[in-house]
Novice: 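This is the structure I have questions about; it appears just below.
Side chains are part of it too, since the values below use all heavy atoms of this structure and drop only hydrogens, waters and symmetry mates. Per chain, numbering begins at 1; letters A, B, ... match sequence-line order.
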Amino acid sequence: MTHVKSLLSRQELIGLLVVAALIFVVMPLSMDIFRLNLFGKYLTYAFVAIGLVLCWGKGGILSLGQGVFFGLGGYCMAMYLKLEASTPEATAIQSTPGIPDFMDWNQITSLPWFWEPFNSLTFTLLAILVIPTLFAFVIGAAMFKRRVGGVYFAIITQAIAAILTILIIGQQGYTGGVNGITDLRTLKGWDIRTDEAKYVLYYVNGGLLIAVLLLSQFVLKSKLGRLLVAVRDKEDRVRFSGYDVSNIKIFVFCFAAVLSAIGGAMFTLQVGFMSPSFVGIVPSIEMVIFCAVGGRLSIFGAVYGTLLVNWAKTTFSEIFPELWLFGLGGLFIAVVLVFPNGLSGLYRSYLAPLVDRLISRGGSSYPPEPASPPPDLDGEANAKPAE
Amino acid sequence: MFADYSWTELGSIFAMQGFAGLILFSVFVLMALGLAIIFGQMGVINMAHGEFMILGAYVTYLCSNIVETYIPSLFGIYFFFAMALAFVAAGALGALVEWSLIRHLYKRPLDTLLATWGLSLILQQAYRSIFGAREVGVSLPNWLLGSVPLTDIIEIPINGIFVMVLTLVIAIGVYFILFRSRMGMQTRAVVQNRVMAGAVGINTEKVDRHTFALGCGIAGIAGSAFTMIGSTGPTAGQLYIVDTFLIVVFGGAASLLGTIASSFAISQAQSTMEFFLSGSMAKVLTLLTVVGILMLRPEGLFSLKIRR
Amino acid sequence: MNTISNNTDFLLSIESLSVSFDGFKAVNDLNLYVDENEIHVIIGPNGAGKTTVLDLICGRTKATAGSIKFRKKELTQLREHEIVREGVGRKFQNPSIYEDLTVFENLELSFPRGRSVFGALTFKRDAEVTTRVREIAEMVFLDALLNMQAALLSHGQKQWLEIGMLLIQDPELLMLDEPVAGMSVSERKQTAKLLNEITKGRSVMVVEHDMKFVEDIAHRVTVLHQGKILSEGSMAKVQADPKVIDVYLGH
């Protein structure tokens, strides 16, 4: 019990329980499997948003390329599933049976070398975790060791998202091009398209999300969590307290990348395809808004922010497709100008005192959450390398 | 990859692609100049820069239609006042945006980035609602059509030459405004030391607004010039925003010469490679090279060493 | 004591140090030595290169030429956090603290343990940390404010907090850039007392404009002018030096 207490304050424990209840009880009971699957899809974006809370909200590092990691995770999973779906029997009508259909359409006659290892599920699962981490490590090491941060980092990550999208679309023989990798069927012979499989995947996804929330909470509660805030506020001071700031930044960037990749892999499993439209500039920056609407400092807020924005997107773009872009654009501006602390800020000022009163019978007292940041905290002072 | 071509053919290919690259270069310079002012001088990230450009393009499109329908006698020269109008429209919108949005966010560059992205979405949808989702083109007056033959194989389109001359004029103009005029001096003073600039009697808020409007206005002119070589759609601006930012960063944010040099390098690399590789691979390689170089040399090509 | 007989006896020896920014020599062929347990104050007119010297020692600025030896170890090739780990602490001109964290957390982050990423993840707030934080907080007059958010401290208290953050690292060389700037008279007196107290067992380098304060604390004074040493010695000797008088009054 003491472990739980040191990891989660009472408010946070309630927050976690509410999220868990929502995912495991409320939603499955109130939705049909089609809607629940959609809800599960939204939840995969929440992985990205939680990563952004640590990276951007706490650490002040804005990555506009989280779609890259989401996509890497998703594509790894999709490559495995596609290979399993492309047995010689299933693809007998192709001129080269046994390779994915889009390769055959693009006159490729044998499986490219980098596809080969994805025949193994063990390799695939490892790749989902390792490839995005390595990629993030290379980017992070190159940039943070040279003290590149702030808007420069944002622009470079955005450019990387653009480059990867163009590459995927351009190399359609190897990647499935603009349509992505589609028509995924089974996982180790288990059909992922049935309602039953969708329920199972939904619960696996929910379980992973809770695990990721706990893991992120552990990081935030450790000294590293406070160091992240310190790096955002006064990078130089952290350095002159004997820390290697670049390592801290690389760690949190890699951590956020892994979370995104897990989300991407679960997306592929639940939705049944992966395409470049989840990799590029536009989806990447939308993922930032999920986090911002949640309040950028709260991992629970990030989950709700993701759900709210996606629910609004689905609803409005069905009813008023024209209005949605106005709405989304307005949301970007409003979340910056009007409510920079997002949903968690609203919760903290209106609901939290109420909840506190309800639960404040006896027991130990916890120090209040550190005050929400004044709006001018971008960790920007060290942005330009050559100043 | 060169084996299939003879030397003279190769020479011509490089010349032609080089010229195509020069037009791309001009477009890049025009787009990047506005951004170099706003980002390089003010440090503001304006993600809606592409949409300001498209505004200029739509203004030109409207002018071309109106003049063609009502005062066809002036059609030969409509382009010049269309350009002036594009400058004014984009500049006015820029001033409005600075007043309502940007000025609240000067200390929060990352938030500015998000807010201006929101603005770009709104503008895109506005264009789509007003002008439709399809791309539109303008009709060019006769004197801009056709091309000048240089050798048997090499021909140079006149509108391309016009865009290049225009770029040159505007680049020189921007240089004078920034480095030789009082306004430019005040802009640089405000950038370097806001408090001190205010103390010596410069109205810093006004300077901010004018600088931002100027950058947007130049984007409007870029959009206007853009119509001469391509068609315009609601989302065309977004396609260029990454390239443009990379150009400015690559050139070294505060250096005008750097911006021009990096526009040149990137456009030439891309258009030359385009002939031998697919367009997308040429772009991937170009951007990868730029990002790679920026990782090794984050301060860009041209930069000043300053004492901290 | 002031004779340069054997350089390695000094805690810090700077020799032939130069740095230039685009041709401008901010520090020019400088030689400077700091003894053990000495309070060494650097004064000089604006732009003399005082802060740049501190920046060079702590690795914030890279030297163009010359050497900085700390306990016989060359610092010029090390990165900032490595220099800190060698035992050099640096306070900035404007109080540089973590405004979003509490006083306790500010001090705790500066406690020299768990400095790697993994170390920070597994760091435990044990009795040793808590005791040390309280000890230091008492020293810098902040023991009653441990749970206050640092942003809410007064300017002088922020300066003390930063000094406390350095003390908890227990550096052998402490560098302070204008430690009493913006402080009230009584705060200045308290700070002078604090400095005299903490110098036991360590050396302190101070850049300061306030001559009254310098007189109170300095064991030795170096006057910098245009990146070079103009005069060096006791405060009285320096004040009597005609060259110094010329620079301060003549221009």
Side-chain angles (χ1 to χ4, degrees), chain A residues 6 54 57-60 137 140 144-147 215-216 218-255 297 365-374 376-377 379 381-382 386-387, chain C residues 21 54-55 57-60 79-92 94-102 104-125 129 146-152 161-162 165-166 168-171 175 177:
Chain A
S6 65
L54 275 87
K58 297 286 179 180
F137 181 82
F144 298 136
K145 291 275 182 203
R146 288 187 176 74
R147 311 271 164 92
L215 190 65
S216 306
F218 169 73
V219 173
L220 291 180
K221 276 284 151 101
S222 74
K223 190 173 87 167
L224 193 74
R226 297 190 287 285
L227 270 176
L228 280 176
V229 178
V231 166
R232 182 192 67 193
D233 283 1
K234 286 276 163 20
E235 191 172 324
D236 258 354
R237 182 73 271 162
V238 180
R239 206 168 274 137
F240 289 111
S241 298
Y243 296 96
D244 188 341
V245 168
S246 52
N247 284 349
I248 297 172
K249 290 184 168 184
I250 293 170
F251 169 80
V252 74
F253 186 52
C254 290
F255 186 77
L297 286 174
S365 63
Y366 290 90
E369 274 286 284
S372 48
D376 57 332
L377 289 174
N382 306 291
E387 271 203 346
Chain C
F21 304 99
L54 297 196
D55 281 346
I57 298 169
C58 71
R60 202 168 182 232
R79 291 164 59 209
E80 290 102 319
H81 65 273
E82 294 165 334
I83 296 175
V84 172
R85 290 177 192 182
E86 288 298 319
V88 178
R90 162 79 190 270
K91 189 199 160 304
F92 293 99
N94 296 314
S96 170
I97 54 170
Y98 315 124
E99 308 231 322
D100 270 4
L101 301 177
T102 64
F104 186 96
E105 288 170 330
N106 267 277
L107 291 169
E108 184 194 31
L109 285 190
S110 312
F111 184 78
R113 191 177 60 187
R115 278 166 164 172
S116 67
V117 167
F118 187 72
L121 272 173
T122 53
F123 178 87
K124 286 247 176 336
R125 187 181 289 178
V129 179
L146 275 175
N147 286 319
M148 189 187 259
Q149 201 191 326
L152 306 174
L161 175 57
E162 197 181 355
M165 288 161 75
L166 296 180
I168 206 167
Q169 295 170 21
D170 199 17
M175 298 194 293
D177 202 344

Novice: Taking side chain as everything from C-beta outward and backbone as N, CA, C, O, which of these in A:V219 sits under 4.5 Å from a heavy atom of chain C? Side chain, backbone, both or neither.
Specialist: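 Both the backbone and the side chain of A:V219 come within 4.5 Å of chain C.
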Novice: Against chain A, work out which of C:K124, C:M165, C:E162 has the most heavy-atom pairs shorter than 4.5 Å and name it.
Specialist: C:E162
Novice: Do C:R85 side-chain atoms and A:G242 backbone N/O form a donor-acceptor pair below 3.5 Å?
Specialist: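 Yes, C:R85 side chain to A:G242 backbone: donor-acceptor pair under 3.5 Å.
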Novice: So, the side chain of A:D233 versus the backbone of C:D100: is there a donor-acceptor pair under 3.5 Å, distance only?
Specialist: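 Such a contact is found between A:D233 side chain and C:D100 backbone.
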Novice: Side chain from CB out, backbone as N, CA, C, O: work out which of these in C:E86 comes under 4.5 Å of a heavy atom of chain A, or both, or neither.
Specialist: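 C:E86 has no heavy atom closer than 4.5 Å to chain A.
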Novice: Looking at A:N247, A:V238, A:I250, which has the largest count of heavy-atom pairs under 4.5 Å with chain C?
Specialist: A:V238
Novice: What part of A:F240 gets within 4.5 angstrom of chain C, counting heavy atoms only: side chain, backbone, both, or neither?
Specialist: both
Novice: Heavy-atom distance under 4.5 Å to chain A: side chain of C:I168, backbone, both or neither?
Specialist: neither
Novice: Does the distance from a Lys or Arg side-chain N to an Asp or Glu carboxylate O, for A:D244 and A:K145, drop under 4.0 Å?
Specialist: yes
Novice: Which one wins on heavy-atom pair count under 4.5 Å against chain A: C:G89, C:P171, C:S96?
Specialist: C:S96
Novice: Using the rule given for side-chain contact (heavy atoms from CB on, under 4.5 Å), can you reason through C:T102 versus C:M148, listing the C-alpha separation, both sets of side-chain angles and the distance that settles it, and then say yes or no?
Specialist: CA-CA 5 Å; C:T102 64; C:M148 189 187 259; over 6 Å; no
Novice: Which residues satisfy the ring-ring contact (aromatic ring centres under 6.0 Å, His included) test with C:F104, sequence neighbours excluded?
Specialist: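 Listed in chain order: nothing, the list is empty.
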Novice: Where on C:E99 is there a heavy atom nearer than 4.5 Å to chain A: the side chain, the backbone, both, or neither?
Specialist: both
Novice: Please rank C:I97, C:N147, C:I83 by heavy-atom pairs under 4.5 Å with chain A and give me the top one.
Specialist: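 The option with the most such pairs is C:I97.
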Novice: State whether the side chain of C:Y98 and the backbone N or O of C:E105 hold a donor-acceptor pair below 3.5 Å, judged by distance alone.
Specialist: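 Side chain of C:Y98 to backbone of C:E105, a donor-acceptor pair under 3.5 Å: no, none is there.
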Novice: Which pairs count as salt bridge (Lys or Arg N to Asp or Glu O under 4.0 Å) when at least one residue sits in residues 222-231 of chain A, sequence neighbours excluded?
Specialist: A:R226-C:E108
